[in-house]
Amino acid sequence: MQKPIIEIVDKIDTAVVYDELSDAASGGICVFVGTVRDFTNKEAVVSLEFESYKTMALSEMRKIADQASSKWPLNKVVIRHAVGLKKVQEAVVVVGVSAAHRTECFEACKFLIDTLKETVPIWKKEVFKNKTVWVSAHP
Amino acid sequence: MEVLLFGIAKDITGKSSLDLSALKEKPNSVSELMHFMNSSYPELSKLSSLAVAVNGEYATIDVPLQSNDEIAIIPPVSGG
């Protein structure tokens, strides 16, 4: 695997990831983009606010990229998460891989986002009209 | 000894970091820190989970704490 692109940014530009993953040795590219949904449990979401423990978040994201490349033969990996205030429909996370064949692309891409959600110290607060809720904080 | 706080832990304590250096009995391990945090801020014990990171790595409860460690309280993560 080439050196993965691991970033925490203020704004995600979804247009650049294709070029970042494009690679002569790869027969496929898989990308997942997480975006702000308009409703949670029938309540209208105004915005989401993301906060990170940046140094640790970057090192956990690097670990996920390394784990993925040890499980599948990947050529390129991108993991990029946004922080700050995000409006409905905005992109908040983009993960992607390129590899020789599609099976490892799909599997690795799913692994990247599923593991990111479990281990990377980033927190999301849902802002509704009359309240705010830290997602998953309470059982 | 400074403890960094994020997300809901920051809201519960009202601070983005806690300075524990003035404590008479400083926590010597992750387990002692968890006990101190939960008893000082009972709302923390109502969370789905609470982890501690020492020098940027998730730490098990037996990990000892030194005064120059970077220590952070990690409430349930929700990125993505």
Side-chain angles (χ1 to χ4, degrees), chain A residues 6-9 12 32-37 40 45 48-64 79-84 86 91-95 109-127 131-139, chain B residues 1-20 27 29-30 33-34 36-80:
Chain A
I6 307 287
E7 288 179 348
I8 290 177
V9 296
I12 285 184
F32 172 84
V33 181
T35 56
V36 181
R37 191 177 49 232
T40 292
V45 173
L48 295 182
E49 266 183 69
F50 287 88
E51 156 180 340
S52 77
Y53 176 14
K54 192 170 182 180
T55 51
M56 181 176 172
L58 289 168
S59 87
E60 289 294 321
M61 285 154 76
R62 250 174 250 124
K63 281 184 202 169
I64 296 170
I79 307 179
R80 181 177 288 121
H81 205 296
V83 289
K86 300 292 158 237
V92 299
V93 62
V94 58
V95 301
C109 191
K110 182 174 183 341
F111 171 84
L112 293 182
I113 187 63
D114 289 350
T115 314
L116 178 150
K117 289 176 87 86
E118 282 171 18
T119 64
V120 176
I122 293 178
W123 298 272
K124 160 166 65 193
K125 186 162 71 175
E126 285 177 324
V127 181
K131 64 172 181 182
T132 63
V133 176
W134 285 104
V135 176
S136 306
H138 291 100
Chain B
M1 175 177 275
E2 197 188 26
V3 178
L4 305 174
L5 300 157
F6 297 95
I8 195 168
K10 193 162 75 178
D11 285 1
I12 288 171
T13 57
K15 297 169 181 148
S16 58
S17 71
L18 273 179
D19 185 3
L20 303 186
S29 66
V30 169
L33 174 67
M34 294 286 266
F36 170 80
M37 293 303 296
N38 283 320
S39 55
S40 306
Y41 303 97
E43 288 294 313
L44 288 176
S45 56
K46 296 179 185 166
L47 300 178
S48 319
S49 67
L50 200 60
V52 171
V54 179
N55 300 322
E57 298 283 342
Y58 285 108
T60 49
I61 55 167
D62 55 323
V63 169
L65 298 178
Q66 317 292 336
S67 57
N68 58 344
D69 284 336
E70 181 170 300
I71 302 163
I73 300 291
I74 311 287
V77 300
S78 51

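Predicted, not measured: the structure shown is a model, and the values here were computed from it. Just the heavy atoms: all of them, side chains too, but no hydrogens, waters or symmetry mates, feed the values below. The chains referred to below are lettered A, B, ... by the order of the sequence lines, with proteins before strands, and numbering in each begins at 1.
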Non-hydrogen atoms of A:P139 and B:K46 that approach each other most closely: CD-O, 3.4 Å
Minimum heavy-atom distance A:A137-B:I8, with the two atoms named: CB-CD1, 3.7 Å
Residue part contacting chain B, namely of A:H138, when any heavy atom lies under 4.5 Å: both
Contact class of A:V92 relative to chain B, heavy atoms under 4.5 angstrom: side chain
Minimum-distance pair of heavy atoms, taken over all atoms of A:P121 and B:V77: CA-CG1, 3.7 Å
Selection from A:T55, A:T119, A:V93 maximising heavy-atom pairs under 4.5 Å formed with chain B: A:T119
Heavy-atom proximity to chain B below 4.5 Å, by part of A:S52: backbone
CZ/A:R62: more than 12 non-hydrogen atoms of other groups inside 6.0 Å: yes
Contact origin within B:N55 toward chain A - heavy atom pairs under 4.5 Å: neither
Top contributor to chain A contacts, counting heavy-atom pairs under 4.5 Å, from B:A53, B:A51, B:G79, B:S49: B:G79
Considering all heavy atoms, the nearest B:F6-A:E51 contact: CA-OE2, 3.3 Å
Top of A:E49, A:K117, A:K63 for chain B proximity - count of heavy-atom pairs under 4.5 angstrom: A:K117
Donor-acceptor under 3.5 Å (B:S48 side chain, A:S136 main chain): yes
Nearest heavy atoms of A:M56 and B:E57, plus distance in Å: CE-C, 4.2 Å
Segment of B:L4 engaging chain A (4.5 angstrom heavy-atom cut-off): side chain
Sub-4.5 Å side-chain heavy-atom contact between B:I74 and A:W123: yes
Atom group of A:Y53 that falls short of 4.5 Å from chain B, counting heavy atoms: both
Options B:G80, B:G56, B:S78, ranked by heavy-atom pairs under 4.5 Å with chain A, top entry: B:S78
